[in-house]
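Below is one structure, written out as structure tokens, with a few remarks after it.
Quick caveat, the model's predicted, so the values are computed rather than measured. Chain A is the first sequence line, chain B the second, and so forth, proteins listed ahead of strands; every chain is numbered from 1.
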Amino acid sequence: MFFSDVCSKTSLLILSLFLTHQNALAIETTQDELQSTSELLPLSWEELTDLDVSSLARQAQSVKNSPAAAFVITAEDIRRSGVTSLPEVLRMVPGIDVAKINAWNWAVSARGFNDLYANKLQVMIDGRSIYDPLVSGVYWGQHNPALQDIERIEVLRGPSGSLWGANAVNGTINIVTRSARDTQGGLLFGGGGSEEQGFGGVRYGAKLSDSTYLRGTLNAISRDASVDLLGEQDTHDNGNAESANFRFDSQLSTNDQLMVEANVSRYRQHGYFIGVTSPEPPLWQNNDFGRDGITGSLQGSWKHQTDNGHRWNINTSFMQTNWLLAMNEMSRSQYVVDFQHNLPPIFSDHQLMWGLNYQYINDHFDNSLTLGFEPDQLTQHNAGIFLQDQVDLLENLKLTLGNRVEHFTFTGWETEPNARLLWTPDKQHSLWAAISRAVVLPNRAQHGINLFKPIPGYTTFFDAKANPDMKTENLLAYELGWRWQIANNLDVDTALFYNIYDRMQGTQFTGVIEKDPVFGAIRQATVSNYRRVESYGLEMSLNYRVSHDWRLQTSYSTIHFDTTYDKNKPWFRDELTEEHANPQHSVSLRSLLNLTDEIELDTWGRYVDELYIDYRNIPAYFTLDVRLGWHPHKDLQLSFSAQNLLDNHHPEFSDDLYIPTASQIQRGYLAQFSWRF
Amino acid sequence: MLKPLLKLFLFCVSLCLYGQCLAEQNDVGKSEYQLKTVYLLHFAELTEWPEVSPTSICLLGKSPLEAYLPALQGQKVNNMALSVILDQQQSIENCQILVLGELNLLTKDLLQQAKTQHILLVSDTENFAAQGGMIQFSLRDNKLKLVVNLNSVKQANLKLSSKLLRMAEILE
């Protein structure tokens, strides 16, 4: 009797506790609802009407609650920037260096280490990496998607190797295209101007059934050549590109989502090489040093959610890349499969996820004496496994632990662990700290390049030898961040970092042949893990929505380097390249203003500190872009923009070795239209 | 002896789980009403009334919006504070925007009153715009779309901004 009495009393107690708990929950939820609604109030009309009902909660939370330096570029940001290429859009992100080398070549990197072949940035389109394994960088000129198809660009600065694998070292950029569901009907767009000579495209989306959608986009672009350093001669870097993209989205059932995307693009970029002509075969002309290429990809993703809270995600892609240079030809196939599994919460405070990935790369080169990659045919198999756990230590303190272990054809086993802590003392503040390790894989070029070319203006030849023993560059990163929501319409995001890079690449002269019977003098150079670099810096961004019709966004970044290297060695290229090729300070300030309900006036000013590359000074520059937008009709949008208004031309970067004819970036005028039908 | 306790425990657990499940399902619904609330603030800015006065947004009938609308209280529209009136008994004369929770509230009398007193009628019920309402929210392909009955708007002497109309499907 006694026991049953205790039992019934206990059960009553549990029940009443449970009910009061539920009540307390209900009140708190209403407060939260009002709070989260208030956070949306400063959004402009365009931003608001672009929001997706189901992903709203997820998106709003993702940046605010991530224990990392994150930044999101929205479709509205892209449209109002008036620019026409991906790297130009990235100029608004703090901590991202973007420098235009010529019409089709860019140097883009995160947290320093900028170069034509900057090797520490992972870039993906809908989860498919467009990072090129030949140079461990992105050939930005080869990727010219219609910017109208992009829904948002998520930028993470700092290492995220445990989630995205090797090469996600200084940053990760994920370009998310619009779902076929969001691009129904037709869109015709185009424009032309002094630098962007002409571009245009058409998109059409159709609903195949209640939950199945398909769209296709065709677009083409043609660019004018830049001017040389004296501002007089054309540098023959004009060219054109065309691409076709198809995306299919289907909600197969309430628990299954399928996406298939296909892409083909072709480009022809002219190049110029003064001083290299041959009257005998191969009969080279100055104008022959361009790049001609075609890339194609097919990718699919299947998301499955079980009723008890498991989430599975399979991503797979096939990519074919072919290009043709005067001195080499490449054909490469890549196949990637990724699997990810998110478990339902365990013990109510652990969120576990794990995954597997496999990558197959097979390339083939048609080598010449000038440029070769050995062996001329190579297959790489890379595979990895990762595990991440997010633990709620306290209600406002989250710990994330993750690690990825990968095996690579070039370097064997690698590991990329990280630990992150996020503390949200109240609704206004969140602070985070992280320690991570990441690795940069040696690339195919470092392992197998054979570059033999005359040094322009000298009777000397240059011979770059590969290093098959090249190891990974290793990073140990310490980061701190603070997000402060001063008011619903005003926030400041700050990140600090201290990075130690061990086994950094460097190139030294390793030999001289003074009297070669055919070529005269030959100087040989080899790349290896010669140096150690430390970097530290600060990034800030401020977002202020003055009203629904006026938004200000500003960002500031600063970075400094300490390099350790052997001063007695003969260095080829600058041994202090990090210090010299990255701006110490850069600032971006954007204003997005609606003058009336039909007219928009957007201005974008930037400052980039001076650089010193290839023994040449590239002065600091201020620049200003202005865009005037007009909606004369419900479905028609016109805009006129002026870019780089403050000077006739200025250089932004240089790469003497691969692009011997240096270019300057000119002031440009551009008119654009877009018509929905 | 322990059986009743076990049963109760199981009951509690299942109730908890059920509650959690509901909460997850509600997330989509929640953001839908958050969005509608923010749209209403923009409607106040994008509508031109014949006379300038502080804006009041009123709710008539049952709607989940009731929980979210208080977020708009005191927001500045043309430098005047906006007020939200949820009291069903209050007369609608003082409303500039009237949100209807149910379609059957859209009576001839109400339409007449909206015309003479320049009230913007908004609802998320189906066929609202076709039956004379002014702005109807409609959930299509996971996005909020607007259906506007331009005749009703004009008859009430109201003017909607081209910015709003750009995003809307227009019934004429």
Stacked cation flag B/K36 on B/Y33, 6.0 angstrom / 45 deg
yes
For A/R215, the side chain to side chain donor-acceptor pair (under 3.5 Å) test, sequence neighbours excluded, returns A/T183
Shorter than 4.5 Å, heavy atoms on both sides: which option in [options] has the most such pairs with chain A?
| options | result |
| --- | --- |
| B/T37, B/L46, B/L72 | B/L46 |
| B/P70, B/A168, B/S162 | B/S162 |
| B/L164, B/L139, B/L146 | B/L164 |

Given heavy-atom pairs under 4.5 angstrom as the criterion, report whether the side chain, backbone, both or neither of [X] touches chain A.
| X | value |
| --- | --- |
| B/L41 | side chain |
| B/L69 | neither |
| B/S161 | both |

Would you mind checking which part of A/S179 comes under 4.5 Å of any heavy atom in chain B, side chain (CB onward), backbone (N, CA, C, O), both or neither?
neither
A/N594 portion near chain B, given a 4.5 angstrom heavy-atom threshold
side chain
NZ/NE/NH1/NH2 to OD/OE distance under 4.0 Å, A/R152 and A/D50:
no
Can we say B/E169 and B/R140 salt-bridge, meaning some charged N sits less than 4.0 Å from an Asp/Glu carboxylate O?
yes
Between A/K207, A/H548, A/Q35, A/E46, which has the largest tally of heavy atom pairs under 4.5 Å with chain B?
A/H548
Pairs of heavy atoms under 4.5 Å with chain B: top-ranked of A/E598, A/Q184, A/H631:
A/H631
Taking the side chain from A/W630 and the backbone from A/S639, do they hold a donor-acceptor pair closer than 3.5 Å?
no
Test your reading of the model: is there a side-chain donor-acceptor pair from B/Q88 to the backbone of B/G61, 3.5 Å cut-off?
yes
Assess whether side-chain contact (heavy atoms from CB on, under 4.5 Å) is satisfied between A/L208 and A/F248, documenting all intermediate values.
CA-CA 10 Å; A/L208 303 181; A/F248 169 90; 4.0 Å; yes
